2 protein chains.
Amino acid sequence: MEPKTNIWIEKDDKVVLSLWRVRLLEAIAETGSISAAASKMGVSYRRAWEKIQECEARLAVKLVDTQTGGSGGGGSSLTPEAVAYVDRFRKFTAGLDEFVSERFEKYFSDI
Amino acid sequence: MEPKTNIWIEKDDKVVLSLWRVRLLEAIAETGSISAAASKMGVSYRRAWEKIQECEARLAVKLVDTQTGGSGGGGSSLTPEAVAYVDRFRKFTAGLDEFVSERFEKYFSDI
DNA sequence: TATCGTTATGATATCACAGCATAACGGAAA
DNA sequence: TTTCCGTTATGCTGTGATATCATAACGATA
């Protein structure tokens, strides 16, 4: 038995940022491409790309700069706005895991 | 923009208890029937019943005592084990909303 | 100019879930 | 005794979301 949590931010009842989406953005920053990030996250390029579109549309902010063609085939990187959102989100959710783990230990350690 | 969270407990990568399921159990306790509880939760009886079966199977514990037929058509009530699980879960998750709200205010109040 | 990996999207298959339908049950009322 | 009613219990079917497949466009480099 193990505790699990999810945390996200909604706007008009729609997800604009979530733990998963922030991880995806971080993966894009690390790998330099949506394709590699999707692979790293274990999802199809298609799905990763769609989620990014969704976030951009709902936040009304460009999050990923993309380039098609070129030496490496192209690539992607985060906009300064995306970096700021990721940073904010990470600070926002910092300590959540510890909070949950401690409480789980306290009340479910015997199971 | 508003923060949202979910919290649950897994066993072998499968959900055994969650905020939603605990609310369902509480609704059964309050109303005295799965049918009324499902309606209260805004889902079909079918779905409510299935989730209870799932929890019982995965926890290997009987959670709901049911009675078919009779004056009111029958009804349901929680077993002592279920009451104990609900209580534990509520204690486990107490304070989570405040934790998240505070942090959200701190880092996203301007948006 | 041919190549190659990436972005960008359409088209189709698959699957969890919602909604509908129905049988069994048994106390209460007729 | 027989009918009635609301609940439990479960099968069946439609549907929307998601996964998988396929393909066009792009452009620096060799």
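These numbers were taken from a predicted model, which means no experiment stands behind them. Below, chain A is the first sequence line, B the second, and so on; all start at residue 1.
The side-chain heavy atoms of B/Ile9 and A/Phe108, taken from C-beta on, include a pair separated by under 4.5 Å. B/Met1 is listed as a side-chain neighbour of B/Phe104, based on a closest heavy-atom distance under 4.5 Å.
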Take nucleotides 6-22 of chain C nucleotide by nucleotide from the 5' end and write B, S or -, depending on whether a protein heavy atom sits under 4.0 Å from the base, only from the sugar-phosphate, or from neither.
-> BBBBBB------S----
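By the 6.0 Å and 45° rule, B/Arg47 stacks over the aromatic ring of B/Trp20.
Salt bridge annotation for A/Glu10-A/Lys14: absent, with no cationic side-chain nitrogen under 4.0 angstrom from a carboxylate oxygen.
A/Lys62 pairs in a side-chain contact (heavy atoms from CB on, under 4.5 Å) with only one of the listed residues (A/Leu59, A/Val64, A/Asp65), which is A/Asp65.
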